[in-house]
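Take a look at the structure set out below.
Proteins come first, then strands; the chains are lettered A, B, ... in the order of their sequence lines, and each starts at number 1.
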2 protein chains.
Amino acid sequence: MPTIRDVAKHAKVSVGTVSNVLNGNNNVREETRQRVLDAIEALNFHPSAIARSLTTQRTNTIGMIRTELRHHFPGAESDPFILDLIDGVSSAAEETRTGVTFWTIPVGSAEMELYRDVVLSRQVDGLIVFALRDNDPRLAFLREKQFPFVVFGRPDSMTETNWIDVDGAHGIELAVTYLGKLGHQRIGYLSPPGEQFLTRLRWQGFLSGIKKIGADIDMQLVLEGDFTERSGEINTHQLLDLEYPPTAIVCNNDRMAFGAMRAIQSRGYTVGHDIAVVGFDDITLSRYWHPPLTTIRQPIREIGQALFHLLLAVIEGLPTDGLGAQLIKPELQIRESTR
Amino acid sequence: MPTIRDVAKHAKVSVGTVSNVLNGNNNVREETRQRVLDAIEALNFHPSAIARSLTTQRTNTIGMIRTELRHHFPGAESDPFILDLIDGVSSAAEETRTGVTFWTIPVGSAEMELYRDVVLSRQVDGLIVFALRDNDPRLAFLREKQFPFVVFGRPDSMTETNWIDVDGAHGIELAVTYLGKLGHQRIGYLSPPGEQFLTRLRWQGFLSGIKKIGADIDMQLVLEGDFTERSGEINTHQLLDLEYPPTAIVCNNDRMAFGAMRAIQSRGYTVGHDIAVVGFDDITLSRYWHPPLTTIRQPIREIGQALFHLLLAVIEGLPTDGLGAQLIKPELQIRESTR
DNA sequence: AATCAAAATTGAACCGGTTCAAAAGAGGAC
DNA sequence: GTCCTCTTTTGAACCGGTTCAATTTTGATT
């Protein structure tokens, strides 16, 4: 494999000049540039990304680390929501020829070890952190190391951190008040896992929604899930076993809503007519479900793109004025599962 | 940020010795090793992955490039099937601390440019290629450059290429003969996009299945899709508009099957009872659908893991005896959409 | 033809690791 | 104490780019 020195020799110039040609610097005479380009062509030379990284201290790669939560059983992994996020990030990254390196790791000690490894050996230029947990050790670590990162979600201490989040409380409140308008008063709530940071925020939204429609909180109707269809199904069966089951169920993601609908249908009830179901996310499949799912829409691909651009600014030390703390208002997408 | 020379100075040894300690070479006296470790600790030193890569010529990263096909509209992207593949690959990669770098790029000239860039600048140690097309230019390129890669799918010319594939023809045939046993003779077929390599193989499976059950091929019942729910829905409407519509539809992935079911249900028919639907993949959501989808199961996560291990062998120049050409027999997962 | 500022070119030093031949040190045998 | 072998340590060279101060070339001006 030819190196820059081979090219220099072939074109009868110095390595510095070849480097200048490679980087499009305009301090090279046209005739010389041509000679260098010819040599590059003749030797079929391509600069090594690694060698370049060594001096520039940039890898042109960003990282995303996915933490697998507690319950690991088949199906826990494949979350369309995450893919949409990755897709948004990587489509934006492509525009600047940036790669997105992706790791999957179980929560626990190995997780932090991976973060240490990735950060301290400088394998990527920056990280996008998502699925925030309470007192997230990842944020503390990244702040301490002053490593460039952005967050999807709101960090507990928001100073000096750039983040983009969807106003989940607002979304849940929208769903609850909408259900209230339809006459529902007994509303079930399938919560996100307790350790997720967004859980508390969304719970606030549920409380204020319930208050607005003049209903009471019944903790029997509140169950914690883990974002899988399975958990939505199991929890809904539990709700339906109650003496006074809910007439509507608010689920904290679409996958749990799918599980809830399955539980409802398996008992011969009709979703929408007998029991209303609302999801959260609006993944592609939701509008194709039977019946189509009413859900709180997060523009996830766009968020992914915005996260990348924000991270790029952080990496390059540019001001993130205004962009560094964005709270996006989600919208309620009304379909047949609530009528 | 401290370098290996800082550590050497601090421990009063040479850089060579520090390097030996870092790499666990056993030619260092215990006392010296301890002194070096203390220095590493004191300075909080972590070796640079890039510098290491420069000499070892290994990045400890592999790549996956996702090509966005022709039709680009919202929802075309989020394919749970792909995420499961990524997830399988990256979970296996994690065991050897290998990162998976992911690019998303529209099909076309930019695609090959990205491949050139990634390969020739040696950004990753190897590539996993998937969604093969006829006469795929990517394979020709990678072969020519002798770049390490493995394929999910079967390359047209299989010499010197390591691949793992699911026997799609067998899967489709299973589905058709099963439907035949249920009494179906008019069977619709939603084909994959024509440019995909697997399209021909699966078509053979369909033909042989139809022949086995003694039915006739009716090209009116055969439509080409693009793997999205939308295309499944549109094509199914077209089938239902026929004078003699099919009594069963075989779809080449689960997402199109979801669209097909939606079309069927929107006309007041009952899936399973009136018209049977079969999918392909068995993504997590399929068993939660209403009704649960009968589908041809590919063990995609396991395939992802196997692909990674195969690629690692190729990268390290190890023999891939037996592993380099695996044809996996899929199974028919029978659920309510066909009864 | 001489002068001089601007443009072009040079090449050593550097980025931060690994490698390996050569040198130094340790320990056992006589 | 000397010799020899085996173990440990050294440090220059290397990986393949970029950078920048110093040098050379160019060409316009007088």
Side-chain angles (χ1 to χ4, degrees), chain A residues 1-40 43-61 97 117-125 316, chain B residues 1-40 43-61 97 117-125 316:
Chain A
M1 197 135 286
T3 73
I4 198 171
R5 278 162 240 275
D6 298 325
V7 174
K9 209 171 295 171
H10 193 278
K12 297 193 178 20
V13 295
S14 71
V15 290
T17 299
V18 178
S19 180
N20 281 329
V21 171
L22 285 177
N23 294 291
N25 298 345
N26 62 352
N27 54 352
V28 180
R29 213 189 338 156
E30 190 48 38
E31 185 219 311
T32 313
R33 172 189 309 281
Q34 204 42 247
R35 220 166 61 236
V36 171
L37 289 177
D38 289 349
I40 288 173
L43 299 176
N44 194 22
F45 165 82
H46 287 266
S48 148
I50 298 171
R52 188 168 269 174
S53 290
L54 188 57
T55 36
T56 59
Q57 302 283 21
R58 282 282 294 272
T59 63
N60 295 310
T61 303
R97 272 287 197 277
D117 215 51
V118 168
V119 167
L120 297 172
S121 69
R122 287 137 283 163
Q123 286 183 54
V124 296
D125 296 334
E316 296 184 340
Chain B
M1 197 135 287
T3 73
I4 199 170
R5 279 161 238 276
D6 297 325
V7 174
K9 208 172 296 173
H10 194 276
K12 295 193 182 15
V13 295
S14 70
V15 290
T17 300
V18 177
S19 180
N20 282 329
V21 171
L22 286 176
N23 294 291
N25 299 345
N26 62 350
N27 55 351
V28 181
R29 214 187 338 154
E30 188 50 38
E31 186 219 310
T32 314
R33 172 190 309 281
Q34 204 41 249
R35 221 169 57 239
V36 171
L37 290 177
D38 288 349
I40 287 174
L43 298 176
N44 194 23
F45 164 80
H46 288 266
S48 149
I50 296 171
R52 189 168 267 175
S53 291
L54 187 58
T55 36
T56 60
Q57 303 284 20
R58 282 283 293 272
T59 62
N60 294 310
T61 304
R97 271 287 197 278
D117 215 50
V118 168
V119 166
L120 297 172
S121 69
R122 286 136 284 163
Q123 284 182 55
V124 295
D125 296 334
E316 297 183 341

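Residues from residues 26-34 of chain A placing a heavy atom under 4.0 Å of any atom in DNA chain C, listed by number, are A:N26, A:N27, A:V28, A:R29, A:T32. For the segment residues 13-21 of chain A, residues with any heavy atom less than 4.0 angstrom from an atom of DNA chain D are, sorted by number, A:G16, A:S19.
B:R122 pairs by the salt bridge (Lys or Arg N to Asp or Glu O under 4.0 Å) definition with nothing, not counting sequence neighbours.
Distance check, rounded to the nearest 0.5 Å: OG1 of A:T32 to CG of A:L37 gives 10.5 Å. The OG1 atom of B:T3 lies 4.0 Å from the CG atom of B:D6; values are rounded to the nearest 0.5 Å. Rounding to the nearest 0.5 Å places CG of A:N26 at 8.0 Å from CZ of A:R33.
First and last contacts of DNA chain D with chain B, using any nucleotide atom under 4.0 Å from a protein heavy atom and ordered 5' to 3', fall at D:dT8 to D:dG16.
Within the 3.5 Å criterion, the main-chain N or O of B:V15 finds no donor-acceptor partner in the side chain of B:S19.
The two residues B:T59 and B:D125 make their nearest non-hydrogen contact at N-OD1, 2.8 Å. Listed here is the closest heavy atom pair of B:A11 and B:A39: CB-CB, 3.7 Å. Closest heavy-atom contact between B:R35 and B:K12: NH2-O, 3.5 Å.
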Please tabulate, one pair per line, all N/O donor-acceptor pairs under 3.5 Å involving side-chain atoms of residues 44-52 of chain B, not counting sequence neighbours.
unit_1: B:S48; atom_1: OG; unit_2: B:I50; atom_2: N; d: 3.3
unit_1: B:S48; atom_1: OG; unit_2: B:A51; atom_2: N; d: 3.1

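With a 4.5 Å cut-off on side-chain heavy atoms, B:K9 and B:R5 do not count as touching. Inter-residue side-chain proximity for A:L22 and A:I40 is flagged as met; some heavy-atom pair is nearer than 4.5 Å. Proximity of B:D117 to B:Q123: side-chain heavy atoms (C-beta onward) are separated by under 4.5 Å at one or more points.
Comparing A:R52 and B:R35 by the nucleotide of DNA chain D whose heavy atom lies nearest to each, the residue mapping closer to the 5' end is B:R35. Mapping B:L54 and B:N25 onto DNA chain C by nearest heavy atom places B:L54 at the nucleotide closer to the 5' end.
Within the helix from C:dA1-D:dT30 to C:dC30-D:dG1, the inter-axis angle between the opening and closing five-pair segments is 50°, rounded to 10°.
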